[in-house]
Amino acid sequence: MPRFEVRPFGDVLGADIVGFPFDDFSQDDVDEMRRAWIEHSVVRFRDTDIDDATQIRFSSCLGPFVIHPRQLQQGKHTGHPEILVISNKKKEDGSPAGDLGDGEVRWHTDTWFKERPPSAAILRALEVPPTGGDTYFSSMYRAYETLAPELKKAVEGRSIHHQTVYDGRGEIRLGMSKPESDDVRTWPGVAHPIVRTHGESGRKALYLGGSPKYSWIIGLPLDESRAILDQLWAHVANPDFVWRQVWKKGDMVMWDNRCVMHRRDSFAPDAIRLMHRTTIEGERPV
Ligand code: SIN
């Protein structure tokens, strides 16, 4: 018998996990929760009142940690290297005490520019602004299932070249330099299939990565690739398959990076938002 309750939000994505025993959970409890997560793609724990060590112990039951590149920069947690700090807080010297500031974060999947993007991200709210900073999750299973037939046919068996030079904000990544040519097809990058099959659920999901700007559908002329990518990116924001998380302090949300995209609203610069995220290794998309 599970030691907690699963309350789905609807038939597209998301469920509340109510009563998870954070004080004394076992690997069996996490495995049971994982089954609900695979079914619903996003799960939320409310009023958690847990500390960093408990978030890390819980996360470690899901697989090895990924150290996000930003964890080595402004998202660094001083005590726990497993945690990425997402915040607009400032240190005493005025430098950022967390990553992503107070701005909007556009639709993306996490770390799509790696050969093996993460499977899970677990985000816990320590401080939340009175309004704004909501996070939205879009089901890429549903996005795939509802693609127009001609678009489905156009992307079948195709992959995207995800360049690794610029990040989602258009800044040059650590260790990279401005390419000599404007032709994105010559830039360093990784290729991932546009439609991936989830390794655990066996379902097909659309997989667009994190930034439409410099992506290229391998093998297509650039203008044709651009036209298709624009249609695909417009499709993922369809409110029919988007769920919105309005954060409360103590909420912890875990999403499946293999089958959802997410984005975040901006919030007032004079409000404080502080989130701690752990990220779990995934497999190469196929
Ligand atoms: C992210 O992981 O993209 C940030 C999500 C958020 O701050 O709500």
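We count ligands from 1, going down the list as the structure has it; atoms in each ligand are counted the same way.
- Geometrically, Arg173 engages Trp112 in a cation-pi contact defined by less than 6.0 Å to the ring centre and at most 45° from the axis.
- Tyr207 has its ring centre no less than 6.0 Å from the ring centre of Tyr144.
- Remark: ligand 1 atoms within the under-4.0 Å shell around heavy atoms of Ile86 are 2 (O), 4 (C), 7 (O).
- Rounding to the nearest 0.5 Å gives a distance of 9.5 Å between CH2 of Trp233 and CG of Leu206.
- Remark: ligand 1 and His108 share an N or O pair separated by less than 3.5 Å (distance only, no angle test).
- A salt bridge between Asp24 and Arg3 is present, with a side-chain N of the basic residue lying under 4.0 Å from a carboxylate O of the acidic one.
- Taking only non-hydrogen atoms, the option from Leu100, Asp99, Thr135 nearest to atom 8 (O) of ligand 1 is Thr135.
- Taking 4.0 Å as the cut-off, Arg273 counts as a neighbour of ligand 1 on heavy-atom distance.
- Using cut-offs of 30° and 60° for the angle between ring planes, the Phe20 and Phe25 rings count as tilted.
- At least one heavy atom of Leu123 sits closer than 4.0 Å to an atom of ligand 1.
- Shown in contact with Arg277 at under 4.0 Å from a heavy atom are these atoms of ligand 1, numbered in order with element: 1 (C), 2 (O).
- Checked for salt-bridge contact, Arg116 and Glu281 meet the test: a charged N lies under 4.0 Å from a carboxylate O.
- Close to ligand 1: His262, with a non-hydrogen atom less than 4.0 angstrom away.
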